[in-house]
Structure formats: structure tokens, C-alpha cells
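Only one structure is covered here, and it is reproduced in the block below.
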Amino acid sequence: MKIDVISLFPSYLDPLNLSLLGKAQEQGIVEIVIHDLRDWATDQHRTVDDTPYGGGPGMVMSPVVWGEALDSIRNQAMVDPVLIIPTPSGQPFDQVLASSLAGEEHLVFACGRYEGIDSRVGMHYSQDQRWSSVREVSIGDYVLAGGEVASMVMIEAITRLIPGILGNPESVIDDSFSRLDSLVEGPVFTKPPTWRGLEVPEVLRSGNHGLVAQWRKDQAQARTETFRPDLLSDLPEPPH
Ligand code: 6GU
């Protein structure tokens, strides 16, 4: 998979070279290239933003500069890329979207700052046949200062689903949200059996795999009821 990220603060994205993703890049499974948006600004001061039409606070990022940046990245691409524009007003990012994006060959993340990117950028590239699709995506109900951290969140969630990136593919299948029944995961334990007076539940040490499986299901159900009742309200009807 090829991933381009365009940002005003390229070094903000340095963590993408660490850990799992650093190794995946060394192995050639993923190639991540970070670009400085200012490289496509053309005036003396390398301006990338301007005042908003209609008034209001802050600045809006220029469609002219973004257009130059995105056209240049598209012209170097081997396939029609997916353009991802992180914004708190976008479609919610979830495990289903992550899985779908994990099957793509080329993703381009356009990180906005200030009050966001001129909305014509998304409109234009949605109609540009040389891009496979455009997604405006939010990572949750809070406001970040820019798209960089949101892009990193999405890149981590997407790339760990690519075969060969995680050491243990079963831990992908087992995650909260990836199972069909969409419950969050229950508690986990390792040695020692007693720590600061707290015991590991007896059933986990019983060696009875059936009981262990049932206990884990019950714990996941209870935790989901407590913290994520929204996940239970739209479960598919159980078969009769
Ligand atoms: Cl994708 N961007 C920004 N700036 N804030 C957010 C977000 C994205 N998702 C949630 N909050």
C-alpha cells in the first residue's frame, strides 16, 4: 500500500516511522511519504490560507494550493488514489471503513489546519475521474486543531489490517468491533495469579475452554451494556 500525507507540519507525522509501521515500511509492505503543503505555495510568503467568505473567525486553506499539491501527487501515482480529507464534519471513521480502506492500493490524506480546507477541493476531486473516491472523515465527536493526528489514527487502524503487518493475525479477528456481534472486549489477565491482593478469575485458570469462552462472552456483554449501550441497540435479530 502507498500512503501520501500532505500537511503544513510534516514532522508531526514522524511517529509513522516507528514500531509496526516502521517495520512494515522497511519490509516494503507499506510506503508512506509525508509532503509539506507549503512546497506548492507560489507567493513570496508561501501563503496557504486566506480569510473566509461570509466572514467569521480564523482562516480557510486555499483551494489553489491544495489543487496544485493533489494534482502533483496524482500525476506521480500508479493507480487512481482514494483521497481522505479528515474533518470533524465528515463521515464517522469506524472499523468497517478501516477494513474497506485496508484493501486499497493508494491513499492520500489531506490534513487541514485553521478552519479547514475550502470545500470546493472535496467537490472538485469527487468529480475528477483520476481519483477513485473522496472521503471526508471524522474520527470522533470532539474538535482537534488539525487533521494530522486524525490521519495518524486512521493510518494505524487501516494498516494493521494489512496481511503481514501484525505479528499475530488472530489478534485482528479478535478485536473489539471486528467481530460480527460488535461487543467491546472484556478484561484480560496475565501472571502473577495474585497481584496486590487482586486475583485472576478462577474460571480462566480452570482449563475448561467452554467455560472460559462463555465467561468472556458474558464479560464482553456486561462491559458493552455499561459503556456502549449504543452498540447493543442495533444488533441484528438473533435467529429463531
Ligand atoms: Cl478528522 N479533524 C479535526 N480537526 N478534528 C476532528 C476530526 C478530524 N475528527 C474529530 N475531530
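Keep in mind that what you see is a predicted model, and the values were worked out from it rather than measured. In each ligand, atom 1 is the first atom listed, and ligand 1 is the first ligand listed.
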*Does R113 make a cation-pi contact with Y12 (under 6.0 Å, within 45 degrees of the axis)?*
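Geometry flag: set, cation within 6.0 Å and 45°.
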*Do F93 and I158 come close enough that some side-chain heavy atom pair is under 4.5 Å?*
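F93 vs I158: side chains touch.
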Identify the protein heavy atom lying closest to [atom], giving its residue, its atom name and the separation to 0.1 Å.
atom                    : result
atom 11 (N) of ligand 1 : Y142 O, 2.5 Å
atom 3 (C) of ligand 1  : P88 CD, 3.4 Å
atom 9 (N) of ligand 1  : I139 N, 3.0 Å
atom 10 (C) of ligand 1 : G140 O, 3.0 Å

_Less than 4.0 angstrom from a charged side-chain N to a carboxylate O is my criterion; do R130 and D71 meet it?_
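Looking at R130 and D71, the cut-off is not met.
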*So, for G122 and E136, which heavy atoms are closest and what is the spacing to 0.1 Å?*
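Residues G122 and E136, closest heavy atoms: CA-OE2, 4.4 Å.
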*Taking N or O atoms only and a 3.5 Å limit, does L144 qualify as a polar contact for ligand 1?*
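Yes.
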*Output the list of atoms in ligand 1 that are nearer than 4.0 Å to some heavy atom of P86, sorted by atom number.*
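In order of number, 1 (Cl).
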*asked:* I'd like to check which ligand 1 atoms, numbered from 1 as shown, lie under 4.0 Å from a non-hydrogen atom of V137.
replied: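 Counting from 1, the qualifying ligand atoms are 1 (Cl).
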*Could you walk me through whether I32 and Q25 pass the side-chain contact (heavy atoms from CB on, under 4.5 Å) test, one step at a time?*
CA-CA 7 Å; I32 304 179; Q25 290 189 78; 3.5 Å; yes
*Quick one: does ligand 1 sit under 4.0 Å from the side chain of D141, the backbone, both or neither, non-hydrogen atoms only?*
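For D141, there is no contact with ligand 1 at all, from either part.
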*Just let me know how A150 lines up against ligand 1, side chain, backbone, both or neither, with a heavy-atom cut-off below 4.0 Å.*
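Just the side chain.
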*When you check the side-chain N and O atoms of S7 and E148, is any donor under 3.5 Å from an acceptor?*
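Note: S7 and E148 side chains meet the donor-acceptor criterion.
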_Y125 and W131 aromatic ring geometry - parallel, tilted or perpendicular at 30°/60° bounds_ =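 Judged by the thresholds at 30° and 60°, the geometry between W131 and Y125 is perpendicular.
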